[in-house]
Number of protein chains: 2
Amino acid sequence: MRRVTLRDVAAEAGVSPATASRALQGSALVSEETLTQVREAARRLDYHPNAAAQSLRSARTGTIGVIVPDIRNPFFAEIAHGAERAAREHGLSTLLTNAEDDPVQQRQYIDLLASRRIDGLLLAPQGATADATLLRRTGLPVVFVDRVLDGFEAPSVTSDNEGGILRAVETLAAHGHTRIGYLSGPLSTSTGLQRHHAFLTARERLGLNADPSLIGFGNFQERSGDAIATQMLQEGHPTALLASDSLMTLGALRAMRRLRLRAGRDLAMIGYDDFETFELTTPPITCVIQQPERMGQLGIDLLWSLLCGTTPESIQLPVTFVSRESVCDAPHTHLREELS
Amino acid sequence: MRRVTLRDVAAEAGVSPATASRALQGSALVSEETLTQVREAARRLDYHPNAAAQSLRSARTGTIGVIVPDIRNPFFAEIAHGAERAAREHGLSTLLTNAEDDPVQQRQYIDLLASRRIDGLLLAPQGATADATLLRRTGLPVVFVDRVLDGFEAPSVTSDNEGGILRAVETLAAHGHTRIGYLSGPLSTSTGLQRHHAFLTARERLGLNADPSLIGFGNFQERSGDAIATQMLQEGHPTALLASDSLMTLGALRAMRRLRLRAGRDLAMIGYDDFETFELTTPPITCVIQQPERMGQLGIDLLWSLLCGTTPESIQLPVTFVSRESVCDAPHTHLREELS
DNA sequence: TTGTAAGCGTTATCAC
DNA sequence: GTGATAACGCTTACAA
């Protein structure tokens, strides 16, 4: 089954390939009549232009690469979705890849996408400065989304990590909690780092207990949230738990269930990022909500500006604090009340 | 910033472009010495081969197109993830696109991917026979995953929809339910159609109530599940609810919450597909579980066979029934017991 | 083992 | 308005 080429279309329409090309691109320099003839011919032959030849010639692909660390994490699925929508509105298509939280895979995908001559890259990065060098050498226009990479200057769409954590810790403190267990993400990500830092700052400012067993480091995956919560609940004696992403929140909830501890009664719990069912668990989970779909969309908009030659400003989106029912008072607060 | 081409690498290594090309492909016909020299040169210059030129010349792209109806549905995110993993193992990369439950977008993506000269297509299709024609005309090797398209013969990886629904209905019937409300997916999808048919068959075989108000049609999205459940619970008087995918299950749970009905006590509930938190809701939700990641992986394996020239057999995966706590006895069962 | 050269399908630059 | 024609960067006969 030989492929239909522009030559075939041109022959069918009785014009030269050059004219056919112009017609299909909607160039103004072609007569109304030949235009319709060429279009008709293309339709009849079911012509699909060869994108490889097009981009070889024009040095543009009309494709944006998107690299997320974990497509199964709903947060990043939303980002990908928002990005794809926005890209389509600009007439661009997206090449979505999933680095699976693996810096090596991330590097491979950067190489792959560079080979594919994407017009730009939307990246939720992980890893170290080595990757900044790699990234720089590709010469690609880059926009960061959610996370940024040290040592590489690029416009970014991030979210108010400090504000989100601060708000959560303040809320817990207001309920009398002083022993707050924090399930941190990896410090190798900018979000993990910022949130961790914000937690330390908030904790100090509010004079809360700084027992080191009240911080556990995970990898933003459910399993690590489970493991950290399990250990912490048995050894750190927290009266409240704060997780730094939705999957770790999920893991913590699973651990609590196993230990027969109920959020909102035996223990206060605040999650980061929403999850479809956090509203339907018992109790519904109080959490800090970001705007992942919007982040993806804005990321593409910034990239578009970049492609158009302007240097856009980075954007930091605000977070929302959604108070549901998983935050109870600290036990000693009850005591205090009973005594008074 | 001019791009580095094979010529540059060849010049740097002091050989011809042909030799450089051969060396970089690891051809056996090149001496050990020039091989390392070319590789070194490529590394030094940070050479990224131009995929457009490669595939223009070789008529292969090493890329598989994947079209899913809704990437935000965790079921399809898992499929995409499984597909990507498997593709990478075959040395292929994936171009993931999201049709957003829109046949028009699906068509656009088929065109787009055909233009990109993907080597094959993994498709979870929707829509009518018109799309079968379109698909056929692309001449692409296609494998269906999860769903199939009427009028287009292709290997597929599906799941035992009849078995899953049958098992769910039998379970409810065994608990004394005769008025089972069914939240159907769209009959324009093969899964929606098969499950609906299986529900009718099971219901008839078990002699259950066939009140038409006990079936509602949705679109596999949360909102439709909510709407259908809301109406059905107020007008159909079901004692049990069976939803046909996870998002509609979610919607039903939301509706029940609003109406202050609790699954496993006021009403039996069975979901289709698992959802991260169905285990953590109150009560945990009984459901039929599929194997989406495995479906994606097997889909790519079939496609690979297809690309290698063999015609693989279609695969139907079994489902698992996970009994949790959302299925209670029907009210009249209690009555009967009390009377006896 | 290596080099030369043709050509993949398209678009851009010329002329006409 | 339209048609030759040259290039884009690479692979692969074929020749050396």
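First the proteins, then the strands, lettered A, B, ... as listed; each starts at 1. These numbers come from a predicted model, not from an experiment.
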> Record whether the side chain of A/Arg57 comes under 3.5 Å of the base of D/dA7 through a donor-acceptor pair of N or O atoms.
yes
> To the nearest 10°, give me the bend of the helix from C/dT1-D/dA16 to C/dC16-D/dG1, comparing the axes of its five terminal pairs at either end.
40°
> Is a side-chain donor-acceptor pair under 3.5 Å present for A/Arg88 with B/Gln105?
yes
> Using a 3.5 Å distance criterion without hydrogens, assess whether the side chain of A/Thr61 forms a donor-acceptor pair with backbone atoms of A/Ser55.
no
> Spell out yes or no: do the side chain of A/Arg22 and the base of D/dG3 have one donor N/O and one acceptor N/O closer than 3.5 Å?
yes
> Out of C/dT10, C/dA12, C/dG9, which has the shortest distance to the side chain of A/Ala18?
C/dA12
> Sequence neighbours excluded and cut-off under 3.5 Å, please list the side-chain donor-acceptor pairs for residues 71-79 of chain A, or say none.
residue: A/Arg72; atom: NH1; partner: B/Glu293; partner atom: OE1; Å: 3.4
residue: A/Asn73; atom: OD1; partner: A/Phe75; partner atom: N; Å: 2.9

> Quick one about B/Asp301 and B/His90 (side-chain donor to acceptor, distance below 3.5 Å, no hydrogens or angles considered), yes or no?
yes
> Please report the distance, rounded to the nearest Å, between CG in A/Asn50 and P in D/dC8.
18 Å
> Over how many whole Å does the gap from B/Gln54 atom CD to D/dC8 atom P extend?
17 Å
> Can you tell me how far CD1 of B/Ile64 sits from CD of B/Glu84, rounded to the nearest 0.5 angstrom?
12.5 Å
> Just one of B/Gln316, B/Gln194, B/Gln290 clears the side-chain hydrogen bond (donor to acceptor under 3.5 Å, both in side chains) bar with B/Ser159, so which one?
B/Gln290
> Heavy-atom contacts under 4.0 Å between residues 4-17 of chain A and DNA chain C, which residues?
A/Thr5, A/Leu6
> Taking only side-chain N and O atoms of B/Thr19, does any of them lie within less than 4.0 angstrom of OP1 or OP2 on C/dG3?
yes
> Could you pick out which residue, B/Ala20 or A/Gln25, lies toward the 5' side of DNA chain C when each is mapped onto its nearest nucleotide?
B/Ala20
